[in-house]
Amino acid sequence: LDTIFLATPTTSTDRLELVERASSGFCYYVSRAGVTGGKHDLSDSLAAELSHVKKFISIPVFVGFGIRTADHARTIGKIADGVIVGSAFVESIELASSDAEAKKKIVALASAFRDALDS
């Protein structure tokens with residue numbers, strides 16, 4: 001199993017160096033301050049933040065928190081090594097009226113994310 005550490009917009013350089021030494025697999029970059037699933041927009045400074053983080057982190061950097069749409073995934077896919085989606089899937093399940101509808105929504109959402117990342 002890999003050890004996955006988090007970095008955030010407020011992570012210090014010292015902490016990034018520690019994450020570099022202690023991590024394996026990938027680094028999970030939290031795209032913004034706040035709670036997952038809360039806001040519906042991406043940070044305007046995300047590309048600059050990732051550029052800074054990648055100066056210290058040699059393993060892949062995946063971005064998560066607030067990735068709710070295929071457009072978000074497409075944007076992040078251009079600047080990060082991976083995209084992590086969670087709350088959008090949970091919300092789809094919560095809003096479904098049946099297991100069958102939940103499955104359809106999940107498949108449609110996953111397909112939309114995949115298509116966005118492939119484009």
Side-chain angles (χ1 to χ4, degrees):
L1 293 177
D2 285 313
T3 304
I4 310 300
F5 282 94
L6 293 129
T8 70
T10 60
T11 299
S12 69
T13 298
D14 289 342
R15 170 82 175 155
L16 288 174
E17 290 171 348
L18 176 63
V19 169
E20 167 64 15
R21 288 192 307 272
S23 294
S24 61
F26 66 91
C27 172
Y28 186 135
Y29 187 75
V30 177
S31 66
R32 59 180 164 68
V35 297
T36 186
K39 292 175 102 178
H40 297 277
D41 56 345
L42 298 175
S43 168
D44 292 334
S45 60
L46 184 58
E49 293 165 14
L50 280 176
S51 178
H52 173 74
V53 167
K54 288 182 173 191
K55 290 177 184 174
F56 299 93
I57 307 294
S58 61
I59 59 176
V61 178
F62 289 18
V63 175
F65 269 57
I67 316 308
R68 305 188 59 77
T69 67
D71 285 338
H72 288 166
R74 182 180 298 110
T75 298
I76 291 172
K78 293 177 183 175
I79 58 174
D81 300 306
V83 179
I84 299 170
V85 180
S87 295
F89 287 106
V90 172
E91 185 176 281
S92 290
I93 293 166
E94 288 175 343
L95 295 175
S97 60
S98 68
D99 289 348
E101 183 184 357
K103 183 177 179 180
K104 278 185 181 180
K105 286 182 175 218
I106 292 297
V107 169
L109 188 58
S111 293
F113 280 119
R114 180 75 265 164
D115 291 346
L117 289 169
D118 288 342
S119 65

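These numbers were taken from a predicted model, which means no experiment stands behind them.
Separating the OG1 atom in T11 from the CZ atom in F56 is a distance of 11.5 Å, to the nearest 0.5 Å. Between the OG atom of S92 and the NZ atom of K103 there is a distance of 15.0 Å, given to the nearest 0.5 Å.
For A102 against I93, the heavy-atom pair with the smallest separation is CB-CA, 4.3 Å. Considering every non-hydrogen atom in both C27 and A7, the closest pair reads SG-CB, 3.9 Å. In plain terms, the two heavy atoms of A88 and I67 that are nearest each other are CB-O, 4.0 Å. Residues G66 and H72 share a closest heavy-atom pair of O-ND1, 3.3 Å.
Y29 has its side chain within reach of P9: a pair of non-hydrogen atoms, C-beta onward, lies under 4.5 Å apart. Under the 4.5 Å side-chain criterion, counting only non-hydrogen atoms from C-beta, V83 is not in contact with F113. The side-chain heavy atoms of L18 and F5, taken from C-beta on, include no pair separated by under 4.5 Å.
A donor-acceptor contact shorter than 3.5 Å links the side chain of S24 to the backbone of T3. Listed for the S23 side chain is no donor-acceptor partner under 3.5 Å among the backbone atoms of I4.
In the hydrophobic clustering of this structure, V90 does not group with V85; members are Ile, Leu, Val, Met, Phe, Trp, Tyr whose side-chain heavy atoms approach within less than 4.5 Å, directly or through other members.
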Kindly list each side-chain donor-acceptor pair under 3.5 angstrom involving residues 73-82, sequence neighbours excluded, with atom names and distances?
unit_1: R74; atom_1: NE; unit_2: S119; atom_2: OG; d: 3.0
unit_1: R74; atom_1: NH1; unit_2: D71; atom_2: OD1; d: 2.5
unit_1: T75; atom_1: OG1; unit_2: D71; atom_2: O; d: 3.0
unit_1: D81; atom_1: OD2; unit_2: V61; atom_2: N; d: 2.7

Side-chain polar contacts of residues 105-112 - donor-acceptor pairs under 3.5 angstrom, sequence neighbours left out - could you list them?
unit_1: S111; atom_1: OG; unit_2: V107; atom_2: O; d: 2.9

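Scored by the side chain to side chain contact (heavy atoms under 4.5 Å, CB included) test, S12 finds D14, R15 as partners (sequence neighbours excluded). With sequence neighbours excluded, no residue forms a side-chain hydrogen bond (donor to acceptor under 3.5 Å, both in side chains) with D44.
Residue pairs meeting the side chain to side chain donor-acceptor pair (under 3.5 Å) criterion with at least one member in residues 52-62, sequence neighbours excluded: E20-S58. Each salt bridge (charged side-chain N to carboxylate O under 4.0 Å, His left out) pair with one or both residues in residues 108-119, not counting sequence neighbours, appears once here: R114-D118.
In summary, the side chains of E49 and S45 do present a donor paired with an acceptor at a separation below 3.5 Å, with no hydrogens or angles considered.
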